Amino acid sequence: MDSLAFDRNRFRKRRRSSALAMGLCLVATLIGLGCLAAVLLTLVAKGFSGLSLEIFTKMTPPPGSDGGLLNAIAGSVVMTVLGVVIGTPIAILAGTYMAEYGRHSRLTLVIRFINDILLSAPSIVIGLFVYTIMVAPMHHFSALAGAVSLAIIVIPVVVRTTEDMLRLVPDQLREAAASVGIPRAIMIRKIAYKAAWSGIITGVLLAIARISGETAPLLFTALNNQFWSTNVNAPMASLPVVIFQFALSPYSDWQKFAWTGALLITMTVLALSIFARALGARGATR
Amino acid sequence: MERQRTLARFRRSDKIFRNLTFVAAILVLSLLGAVAVSLVTGAWPAMKEFGFDFLTTESWNPVTEKFGALAPIYGTLVTSFIAMLIAVPIGLGIAIFLTESCPMPLRRPIGAAIELLAGIPSIIFGIWGLFVLAPLLQTTVQPALIALFGNIPVLSGLFAGPPYGIGVLTASLILAVMVLPFVTAVSRDVFETVPTSLKEAAYGIGCTRWEVVRNVVIPHTRVGLIGGVMLGLGRALGETMAVTFVIGNAHRISMSLLAPGTTISATIANEFTEADGDLYTSSLILLGLLLFLITMTILAGARFLLWRIDQGMKS
């Protein structure tokens, strides 16, 4: 009987330590969720009051006067669109090669490895890269250079999703196409792309979400511009860089603009990634 | 005749499309090499001027054009190390909670919320860190740390000096929040690779939940977890904007975690556009090259470990 009593004690102890450990895991989860809530609540609390029509209709002001963020918003949109337009076609084609033509080649393995590294390469290094290949030879900062550095961030994301999504397309579809004599290129464009479409779009949306908040690669490629500019060959303002400049300034009205800009970016990014996930989930269940 | 022409057209367009995809693939492949080559070219003047002394010199003086990377390298390593020290246990905890004890209907929303944290741009964490976290630490946590450790020999050095709010500790905390979702996501993914039958066998012989996690789940996924931690570390090392806001940008090495410091990425972000003189610019590019080499090594290692897991699953 002695040993049984001992065992019961031991059992209680094991159960207690298990409960303790799992309780700590719950605490960890609450900490994680708390961080998200803290950041979002601060953004709404500090940025929401600055939201007005003027934010979208007026230019960034000098300290102490009225204004908005129009040139910064426009600059962000222009460079994001350009970045996606430059990056996406290259990425989709490269992903197509990896999933279709080079499916079993060694080259694909190497590209996938390199691409995965690019996926988490520090964005500031990409900014330096574009500075040395574009800004330094051309002797001036430009929105185009900013767009190219954003494109380099877009590429690995879209390559990855394109390859993954094309690989999910069942081979029977490809074989059926081949058996009725459809050339491979047409099969890929009309059948494989069609089947993988929602997945690839999800990837592009996630890439847009990622670049719309990128600051580091724009600092020394697109620089900044206090005025309205649509010239892609000249410096251009962008929301993240304006936030950086305004937030670190000593002027409280500039800091208020920074918070409003931060709220705008975060809402855009979160909306994009939620939308992308919803689209991806729908594609997966179908 | 018609048929021949159509077939020839098909063959041609097939070839063009194939070559197009091949060129794009090679372009992606050469991107990494191009980054390396351009950085080495840009950093060459500084490499010639300073040689290996660049790595061991603490002074960073634009006036006398004497540049050394020791302070930024030190800051980068210390902030990332502390960030991982905080983020890894919490991230693992979240992953264990999500895969083992979270009620089913809550798993997806909580997982998605943690992933949203990963989507918030770096600059947002920066502005939050500067205006919310730093003042909070300055008034509450840092004085408490100073009071707590002030009289203990070694630890008092770590928490010496006045509580500025901004500094190495604040930067580390922000970094921890930022890498947390990456650690969580990878850990959760590898935890889900543990065969249910293994876990059920352990429960079957009477193991508690924690014993299953500690003796079955974690040993089974060890390699993947290390890969995930290294992936998070790669992120932390290269993180720029958030750190730039809160580290204080001081080119000196200080024992105290409360003192301002700098990191490689923060130095580049702060000084690059204001750098006058080719040697100054070149030194900053050399810093970038160092960051590139450090993160590439760690990321390649992480990818290799995670890739091995994938191979293991297939066989």
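In this text the structure is predicted, and so the values were computed from the model without any measurement. Numbered from 1 within each chain, the chains take letters A, B, ... in sequence-line order. The figures that follow rest on heavy atoms only: side chains count, while hydrogens, waters and symmetry mates do not.
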Legend entry - Sidechain N-carboxylate O distance under 4.0 Å for Arg277(A), Glu115(B): yes
Inset, instruction - Under 4.5 Å heavy-atom distance to chain A, tell me which part of Val35(B) shows up: side chain, backbone, both or neither. - result: both
Legend entry - Distance (rounded to the nearest 0.5 Å) between Thr21(B) OG1 and Ile188(A) CD1: 7.0 Å
Legend entry - Among the listed options Val39(A), Thr266(A), Ile90(A), the residue most often paired with chain B at heavy-atom distances under 4.5 Å: Val39(A)
Legend entry - Per-residue contact mode, Thr240(B) against chain A (heavy atom under 4.5 angstrom): side chain
Legend entry - Structural part of Ala38(A) lying under 4.5 Å from a heavy atom of chain B: both
Legend entry - For the student: nearest non-hydrogen atoms of Pro121(B) and Ile265(A), plus distance: CG-CG2, 3.7 Å
Legend entry - Close side-chain approach of Pro183(A) and Arg11(B), heavy atoms under 4.5 Å: no
Inset, instruction - Sort Leu180(B) into side chain, backbone, both or neither according to what part of it lies under 4.5 angstrom from a heavy atom of chain A. - result: side chain
Legend entry - chain A contact via Phe125(B) - which portion, at a heavy-atom distance below 4.5 Å: side chain
Inset, instruction - Measure the shortest side-chain to side-chain distance between Met22(A) and Ile96(B) over non-hydrogen atoms and say whether it is less than 4.5 angstrom. - result: yes
Inset, instruction - Determine whether Leu237(B) and Pro122(A) make a side-chain contact, defined as any pair of heavy atoms from C-beta on separated by less than 4.5 Å. - result: no
Legend entry - Contact winner vs chain A - Cys102(B), Ala24(B), Gly119(B), heavy-atom pairs under 4.5 Å: Ala24(B)
Legend entry - Side chains of Leu36(A) and Ile120(B) in contact at under 4.5 Å (non-hydrogen atoms): yes
Inset, instruction - Please state whether the side chain, the backbone, both or neither of Ile90(B) comes within less than 4.5 Å of a heavy atom of chain A. - result: both
Legend entry - Rounded distance (nearest 0.5 Å) linking atom CE of Met241(B) with atom CG of Leu219(A): 5.0 Å
Legend entry - Partner chain A: residue of Ala25(B), Gly42(B), Ser101(B), Gly238(B) with the largest heavy-atom pair count (under 4.5 Å): Ala25(B)
Inset, instruction - Against chain A, work out which of Thr295(B), Ile285(B), Leu299(B), Thr281(B) has the most heavy-atom pairs shorter than 4.5 Å and name it. - result: Leu299(B)
Inset, instruction - Name the region of Arg210(A), side chain, backbone, both or neither, that has any atom closer than 4.5 Å to a heavy atom of chain B. - result: side chain
Inset, instruction - For each of Gly288(B), Ser13(B), Ala34(B), Ser122(B), tally heavy-atom pairs with chain A at distances under 4.5 Å, and name the one with the top tally. - result: Ala34(B)
Legend entry - Atom group of Arg235(B) that falls short of 4.5 Å from chain A, counting heavy atoms: side chain
Inset, instruction - Rounded to the nearest 0.5 Å, what's the gap from CD1 on Ile26(B) to CD1 on Ile111(A)? Could you check? - result: 5.5 Å
Legend entry - Heavy atoms of other groups near Tyr203(B) OH, more than 12 under 6.0 Å: yes
Inset, instruction - Check Leu130(B) against Ala247(A) and note the closest heavy-atom contact, atom names and distance. - result: CD2-O, 4.2 Å
Inset, instruction - Would you give the length of the straight line joining atom CG of Leu33(A) to atom CG of Leu116(B), rounded to the nearest 0.5 angstrom? - result: 10.5 Å
Legend entry - Side chains of Phe292(B) and Phe129(A) in contact at under 4.5 Å (non-hydrogen atoms): no
Legend entry - Distance in Å, Arg214(B) CZ paired with Ser17(A) OG, rounded so as to fall on 0.5 Å steps: 8.0 Å
Legend entry - Backbone N/O of Trp210(B) and side chain of Ser18(A): donor-acceptor pair under 3.5 Å: yes
Legend entry - chain B interface, residue from Trp259(A), Phe141(A), Phe113(A) that has the most non-hydrogen pairs under 4.5 Å: Trp259(A)
Legend entry - Min side-chain heavy-atom separation Val125(A)-Leu291(B) under 4.5 Å: yes
Legend entry - pair Ile117(A)-Met296(B): side-chain heavy atoms closer than 4.5 Å: yes
Inset, instruction - Using non-hydrogen atoms and a 4.5 Å limit, figure out which bit of Ile127(B) sits close to chain A: side chain, backbone, both or neither. - result: both
Legend entry - Greatest number of heavy atom pairs closer than 4.5 Å to chain B - which of Val27(A), Leu40(A), Leu107(A): Leu107(A)
Inset, instruction - Can you tell which part of Val28(B) gets under 4.5 Å to a heavy atom of chain A, answering side chain, backbone, both or neither? - result: both
Legend entry - 4.5 Å side-chain heavy-atom contact, Leu43(A) and Trp128(B): no
Legend entry - Contacting moiety of Thr41(B), where chain A heavy atoms sit under 4.5 Å: neither
Legend entry - From Ile152(A) atom CD1 to Leu31(B) atom CG, the distance as rounded to the nearest 0.5 Å: 5.0 Å
Legend entry - Most contacts with chain B, counted as non-hydrogen pairs under 4.5 angstrom, among Gly213(A), Ser273(A), Ser120(A): Ser120(A)
Legend entry - Minimum heavy-atom distance Gly32(A)-Ile94(B), with the two atoms named: CA-CD1, 4.2 Å
Inset, instruction - Measure distances from Ser265(B) to the heavy atoms of chain A and classify the residue's part below 4.5 Å as side chain, backbone, both or neither. - result: both
Legend entry - Contact class of Ile133(A) relative to chain B, heavy atoms under 4.5 angstrom: side chain
Legend entry - Contact origin within Leu20(A) toward chain B - heavy atom pairs under 4.5 Å: neither
Legend entry - chain B contact via Leu119(A) - which portion, at a heavy-atom distance below 4.5 Å: both
Legend entry - Atom CG of Asn215(B): over 12 foreign heavy atoms under 6.0 Å: yes
Legend entry - Top contributor to chain A contacts, counting heavy-atom pairs under 4.5 Å, from Leu117(B), Val23(B), Ile114(B): Leu117(B)
Inset, instruction - Just give me the residue among Leu270(A), Ile155(A), Ile182(A) that pairs up with chain B most often, heavy atom to heavy atom, under 4.5 Å. - result: Leu270(A)
Legend entry - chain A contact via Leu29(B) - side chain, backbone, both or neither, heavy atoms under 4.5 Å: both
Legend entry - Tyr131(A) and Phe272(B) aromatic centres sub-6.0 Å: yes
Inset, instruction - Select, from Gly206(B), Gly93(B), Gly33(B), the one with the greatest count of heavy-atom pairs under 4.5 Å involving chain A. - result: Gly93(B)
Legend entry - chain B contact via Ala209(A) - side chain, backbone, both or neither, heavy atoms under 4.5 Å: neither
Legend entry - Best-contacting candidate, Lys46(A), Gln255(A), Arg15(A), against chain B by heavy atom pairs under 4.5 angstrom: Gln255(A)
Legend entry - NZ or CZ of Arg184(A) within 45° of Phe17(B) ring axis and under 6.0 Å: no
Inset, instruction - Take atom CZ of Arg189(A) as the centre, draw a 6.0 Å sphere, and report whether it contains more than 12 heavy atoms from other residues, nucleotides or ligands. - result: yes
